[in-house]
Asker: 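Sharing a structure with you now.
Sequence positions, counted from 1, serve as the residue numbers for this chain. For the numbers below, each heavy atom of this structure counts, side chains included, while hydrogens, waters and symmetry mates do not.
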Amino acid sequence: MCSSRAEAQAWIDKREKFLKALPHLGRLTVAEAITLYEEQFGGIGGWGRTKRTTLDYLRRTIGDWDAAAITSEQLVRHAVARRNDGASAATVQNDFTWLRVTFKALRAIGRDVALQAVDDAMLSCRAQRLIGRPKARERRPTADELDRLRDFFIRKSNESQVPMVDLVDFAIASTRRESEITRLLRSDNDAEALTGMVRDAKHPTQKEGNDRRFKYTREAWEIQARQPASGDLIFPFNPKTIGQYFRNACKLLEIPDLRFHDLRHEGTSRLFEAGYSIAEVMQFTLHEDVKVLMRYTHLRPEDVELRS
């Protein structure tokens, strides 16, 4: 984001200089198109990890294609090859989504790119189920799996300063993602209201500045309160390290298909099981979409009690 008038003007001057040079520029490869897109638009707002990773992948794999001459047939073949290599429909959809975003931005500034080919390929791939939204996970750790993980991390506690037992329990009790856990600040906590602050909370469009206050469960509050006071960060660790430790433990313990993020799912389900309403659960989890939360309710007709 431009933080001052001078920076904003500098960016405008850069854009004007770029636009004046457009008629003299030749055709672009996909790699060149991505680089140009990054140079012109990469400093506007925050880019998420998925976007950057996908653009880097496209640069490596189809980077030598002519951005103006790509055909829908080529793109469909790309999707088929990706799926045959084991990529999910959601992963392949990311390829198309961010390629389309790139081409649409470049088309708006006068560059010749095959935007229609991308649109046509997406329609075809969606109809053939080569691309699609990610499937909602419903994996919950069993009590036995959690006990085994805690025992494992207790045995390994002398080998690392990362308090994995507390982190696992806190992830469930607070419903926080590992990237959120490691950004929590003591100075943001309100002991009277039992609330904290997630800074730059995950949001479909707003990548920065989306600071949101959340409610702690009593268990989550107690866990964070007992962490050593070595600074304002409550859990001053790298979220990638936490995720790697968790994956290694699951592999060694032969716990299949369990991710650290599933602990957030577990905590959310427990809140519903404790009797909290959807509106109340959202104050803990900070979900933006009520529909996302519906899959955690797991209600059956026989579980509904008549009130009159």
Side-chain angles (χ1 to χ4, degrees), residues 15 18 22 25-139 177 179 200-208 210 243 257 259 261 287-289 291-292 295:
R15 294 273 292 135
F18 166 77
L22 281 178
L25 297 177
R27 294 164 75 92
L28 298 169
T29 64
V30 170
E32 290 169 341
I34 291 172
T35 298
L36 183 59
Y37 172 63
E38 291 172 336
E39 290 174 351
Q40 295 303 310
F41 302 98
I44 306 173
W47 283 11
R49 182 177 62 182
T50 299
K51 180 175 182 177
R52 293 190 179 280
T53 300
T54 302
L55 290 177
D56 285 342
Y57 175 82
L58 294 173
R59 197 193 330 260
R60 294 194 310 272
T61 55
I62 64 172
D64 59 345
W65 291 8
D66 188 329
I70 289 177
T71 66
S72 58
E73 182 182 2
Q74 281 180 291
L75 292 168
V76 171
R77 288 202 302 267
H78 167 78
V80 171
R82 286 278 270 152
R83 293 302 305 276
N84 287 338
D85 287 341
S88 68
T91 297
V92 183
Q93 176 154 312
N94 282 334
D95 288 0
F96 283 93
T97 296
W98 296 119
L99 182 63
R100 187 180 190 281
V101 167
T102 299
F103 279 13
K104 188 175 181 180
L106 295 183
R107 171 69 66 84
I109 59 174
R111 296 316 304 255
D112 184 17
V113 290
L115 180 59
Q116 188 60 51
V118 179
D119 288 340
D120 292 344
M122 290 184 75
L123 284 173
S124 176
C125 288
R126 190 170 291 114
Q128 301 303 320
R129 298 185 179 180
L130 292 170
I131 62 175
R133 294 183 177 277
K135 295 181 179 180
R137 284 179 61 83
E138 297 183 356
R139 176 71 158 93
R177 304 173 177 87
S179 60
D200 295 330
K202 186 176 180 180
H203 189 275
T205 58
Q206 188 175 344
K207 303 302 182 183
E208 294 179 350
N210 187 37
D257 190 35
R259 307 172 187 172
H261 190 78
H287 277 95
E288 295 282 349
D289 191 345
K291 293 179 181 179
V292 175
R295 70 174 183 263

Asker: For Asp85, check salt bridge (Lys or Arg N to Asp or Glu O under 4.0 Å) against everything at least two apart and list the hits.
Answerer: none
Asker: Under 4.5 Å between any side-chain heavy atoms of Thr54 and Thr97, yes or no?
Answerer: no
Asker: Looking only at heavy atoms, which two atoms of Val92 and Leu130 are closest? And how far apart?
Answerer: CB-O, 4.0 Å
Asker: Can you check whether Glu39 reaches Leu36 side chain to side chain, under 4.5 Å on heavy atoms?
Answerer: yes
Asker: Excluding sequence neighbours, so at least two apart, what forms salt bridge (Lys or Arg N to Asp or Glu O under 4.0 Å) with Arg82?
Answerer: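 Arg82 satisfies salt bridge (Lys or Arg N to Asp or Glu O under 4.0 Å) with Asp95 only.
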Asker: Under 3.5 Å, which donor-acceptor pairs do the side chains of residues 122-129 form with other protein atoms, sequence neighbours left out?
Answerer:
none

Asker: With a 4.5 Å cut-off on side-chain heavy atoms, are Asn94 and Tyr57 touching?
Answerer: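 SC-SC contact between Tyr57 and Asn94 ruled out.
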Asker: If you look at every heavy atom in Thr29 and Gly63, which pair is closest and at what distance?
Answerer: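 So the two residues come closest at CB-O, 3.2 Å.
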Asker: Kindly indicate, with the supporting measurements, whether the criterion side chain to side chain contact (heavy atoms under 4.5 Å, CB included) is fulfilled by Phe41 and Ile109.
Answerer: CA-CA 11 Å; Phe41 302 98; Ile109 59 174; 4.2 Å; yes
Asker: Take atom CZ in Arg83; do more than 12 heavy atoms of anything else shown fall under 6.0 Å from it?
Answerer: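 Yes, because the 6.0 Å sphere around CZ of Arg83 holds more than 12 heavy atoms from other groups.
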Asker: Which residues pass the side-chain hydrogen bond (donor to acceptor under 3.5 Å, both in side chains) test with Arg59, not counting sequence neighbours?
Answerer: Thr35, Glu38, Asp56
Asker: Specify the closest pair of heavy atoms between Phe103 and Ile70, including all atoms of both residues, with the distance to one decimal.
Answerer: CZ-CD1, 4.1 Å
Asker: CG/Leu99 to CD1/Ile34 distance, rounded to the nearest 0.5 angstrom?
Answerer: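 Rounded to the nearest 0.5 Å, the CG-CD1 separation comes out at 7.0 Å.
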Asker: Hey, does Trp65 have a side-chain heavy atom less than 4.5 Å from the side chain of Leu75?
Answerer: yes
Asker: Grab the two heavy atoms, one from Ser72 and one from Ala117, that are nearest each other, plus how far apart they are.
Answerer: CB-O, 3.6 Å
Asker: Hey, could you give me the OG1/CD1 distance between Thr91 and Ile131, rounded to the nearest 0.5 Å?
Answerer: 12.0 Å
Asker: If you take all heavy atoms of Thr50 and Trp98, which pair is closest and at what distance?
Answerer: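 Looking at all heavy atoms of both residues, the closest pair is CG2-NE1, 4.3 Å.
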Asker: Quick one: closest heavy-atom pair of Leu115 and Lys104, and the distance?
Answerer: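 Distance-wise, the nearest heavy atoms are CD1-N, 4.0 Å.
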Asker: Take the angle between the ring planes of His78 and Phe96 and call it parallel below 30°, perpendicular above 60°, tilted in between.
Answerer: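 If you compare the ring of His78 with that of Phe96, the planes turn out perpendicular.
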Asker: Residues in salt bridge (Lys or Arg N to Asp or Glu O under 4.0 Å) with Arg100, at least two apart?
Answerer: Asp119
Asker: State which residues pass salt bridge (Lys or Arg N to Asp or Glu O under 4.0 Å) with Asp66; sequence neighbours excluded, sorted by chain then number.
Answerer: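 For Asp66, the residues satisfying salt bridge (Lys or Arg N to Asp or Glu O under 4.0 Å) (neighbours in sequence not counted) are Arg27.
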